[in-house]
**Student:** 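I'd like to ask you about the structure that follows.
Counting starts at 1 for both ligands and their atoms, in listed order. Keep in mind the model is a prediction, meaning the values are calculated, not measured.
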Amino acid sequence: IFVSDALGAGGTLVLSKPHAHYLGTVLRLGEGAEVLLFNGRDGEWRGSLGRVDRKGAEVTLAERARPQTGGPDLTLLFAPLKKGPTDLVVQKGTELGVGRFVPVLTARTQADRVKTDRLAAIAIEAAEQCERLDVPVVEEACPLDEALAEIGAVMFCDEAGDDPQARWGGGAGRGAPALEALGGVAKAPRAVLIGPEGGFTAGEREALRARPDAVPVSLGPRILKAETAAIVALTLWGAALGD
Ligand code: SAM
């Protein structure tokens with residue numbers, strides 16, 4: 001369970017009503033049950049459940065179960081999509097180790113803002129489910145070139161690569177398999193850029209290809225939906241980085 005409190009040995013925390021509902025009603029846990037808590041900073045702590053009722057729940061911390069670990073420092077820049085697909089990108093991106101979600105506004109982006117609170121709650125829930133100890137950050141939406149200015153190296157997924165039959169992970173227009181191409185930027189902050197449902201404009205594509213630290217990557221010869229492309233690209237990174 002994700003909590004915002006500081007975690008340390010011997011502490012007793014009073015959990016919120018939603019947490020009490022989840023523990024007591026959904027999981028049907030009672031006094032003495034073991035609970036694992038994390039706050040994204042202090043590692044994972046094992047505790048035992050005290051009273052749990054409609055008003056809240058108490059957990060007394062016993063010892064640290066896992067030290068704090070960070071994710072593979074992946075940044076996902078994605079053009080916000082309709083509600084469902086955006087939720088999916090944040091949920092699956094969290095499972096795949098994204099540390100930062102940066103919604104970027106491109107010429108053909110459908111949504112011009114995102115509900116960061118709602119997406120942050122989806123990220124927390126996905127972090128709890130996949131048992132990672134850090135919780136990714138969801139930034140406010142910003143224009144593409146602003147996001148790129150502070151990112152540096154980026155793998156941008158380009159379905160219109162020169163080589164339409166590019167193999168999976170083939171570096172569109174560069175021939176080198178993405179994993180090798182990614183290797184070249186592995187030291188820099190790792191970022192993946194996925195365009196909107198309508199794709200990048202020719203101007204955006206040209207500007208991206210002109211960047212020395214932007215690696216265009218094909219995700220195969222078919223046009224993937226943006227949310228599918230995000231999952232595939234992040235999986236490639238995971239394979240390349242092994243973490
Ligand atoms: N231009 C596409 C079309 O003609 O339908 C629309 C873009 S696609 C639905 C959304 C985004 O997913 C693209 O901007 C790109 O970032 C990524 N994408 C989809 N298929 C891809 C592929 N085969 N290789 C690389 N990126 C892909």
**Student:** Do any nitrogen or oxygen atoms of Pro221 lie less than 3.5 angstrom from nitrogen or oxygen atoms of ligand 1?
**Tutor:** no
**Student:** Among protein heavy atoms, which sits nearest to atom 6 (C) of ligand 1, and what does the distance come to when rounded to 0.1 Å?
**Tutor:** Glu197 O, 3.0 Å
**Student:** If you count the non-hydrogen atoms of other residues, nucleotides and ligands that lie under 6.0 Å from CD in Glu125, is the total more than 12?
**Tutor:** no
**Student:** So, Gln68 side chain and Gly40 main chain: donor-acceptor pair closer than 3.5 Å or not?
**Tutor:** yes
**Student:** Would you mind running through ligand 1 and noting each atom that sits below 4.0 Å from a heavy atom of Ala229?
**Tutor:** 12 (O), 17 (C), 18 (N)
**Student:** Identify the closest protein heavy atom to atom 24 (N) of ligand 1: which residue and atom is it, and at what distance?
**Tutor:** Leu219 N, 2.8 Å
**Student:** Measure across Arg205 and Asp158 and return the closest heavy-atom pair with its distance rounded to 0.1 Å.
**Tutor:** NE-OD1, 2.8 Å
**Student:** Should the heavy atoms of other residues, nucleotides or ligands under 6.0 Å from OH of Tyr22 be counted, would the total exceed 12?
**Tutor:** no
**Student:** Report yes if some heavy atom in the side chain of Lys55 is under 4.5 Å from a heavy atom in the side chain of Val14; otherwise report no.
**Tutor:** no
**Student:** Going by distance only, is there an N or O of Phe200 that falls short of 3.5 Å from an N or O of ligand 1?
**Tutor:** no
**Student:** Among Glu159, Arg108, Met155, which residue places a heavy atom closest to atom 21 (C) of ligand 1?
**Tutor:** Glu159
**Student:** Would Asp87 and Arg118 pass as an ion pair if we require N to O under 4.0 Å?
**Tutor:** yes
**Student:** Taking atom CD as the centre, does Glu63 end up with more than 12 heavy-atom neighbours from other residues, nucleotides or ligands that are less than 6.0 angstrom away?
**Tutor:** yes
**Student:** Should the proximity of Asp158 to ligand 1, defined as any heavy atom under 4.0 Å, be assigned to the side chain, the backbone, both, or neither?
**Tutor:** backbone
**Student:** Can you list the atoms of ligand 1 that are under 4.0 Å from a heavy atom of Ile223?
**Tutor:** 2 (C), 3 (C), 5 (O), 20 (N)
**Student:** To which protein heavy atom is atom 11 (C) of ligand 1 closest, and what is the distance rounded to 0.1 Å?
**Tutor:** Gly195 O, 3.6 Å
**Student:** List ligand 1 atoms under 4.0 Å from Arg222, heavy atoms only on the residue side.
**Tutor:** 20 (N), 22 (C), 23 (N)
**Student:** For residues Ala141 and Arg113, report the shortest heavy-atom separation together with the two atoms involved.
**Tutor:** CB-CA, 4.4 Å
**Student:** Below 4.5 Å, heavy atoms only, C-beta onward: do Val59 and Trp45 meet side chain to side chain?
**Tutor:** no
**Student:** Would you say Leu224 and ligand 1 have an N/O pair spaced under 3.5 Å apart?
**Tutor:** yes
**Student:** May I ask you to check whether Leu193 has an N/O atom sitting below 3.5 Å from an N/O atom of ligand 1?
**Tutor:** no
**Student:** Can a non-hydrogen atom of Pro196 be found less than 4.0 Å from any atom of ligand 1?
**Tutor:** yes
**Student:** With a cut-off of 4.0 Å, which atoms of ligand 1 are near a heavy atom of Val217?
**Tutor:** 25 (C)
**Student:** At under 4.0 Å between heavy atoms, which part of Cys157 makes contact with ligand 1: side chain, backbone, both or neither?
**Tutor:** both
**Student:** Does the pair Glu227/Lys82 count as a salt bridge with the N-to-O cut at 4.0 Å?
**Tutor:** no
**Student:** Here's a test for you: under side chain to side chain contact (heavy atoms under 4.5 Å, CB included), which of Thr109, Ile194, Val89 qualifies with Leu81?
**Tutor:** Val89
**Student:** Test your reading of the structure: does Lys225 have an N or O sitting under 3.5 Å from an N or O of ligand 1?
**Tutor:** no
**Student:** For ligand 1, is any non-hydrogen atom under 4.0 Å from Ala79's backbone (N, CA, C, O), its side chain (CB onward), both, or neither?
**Tutor:** neither
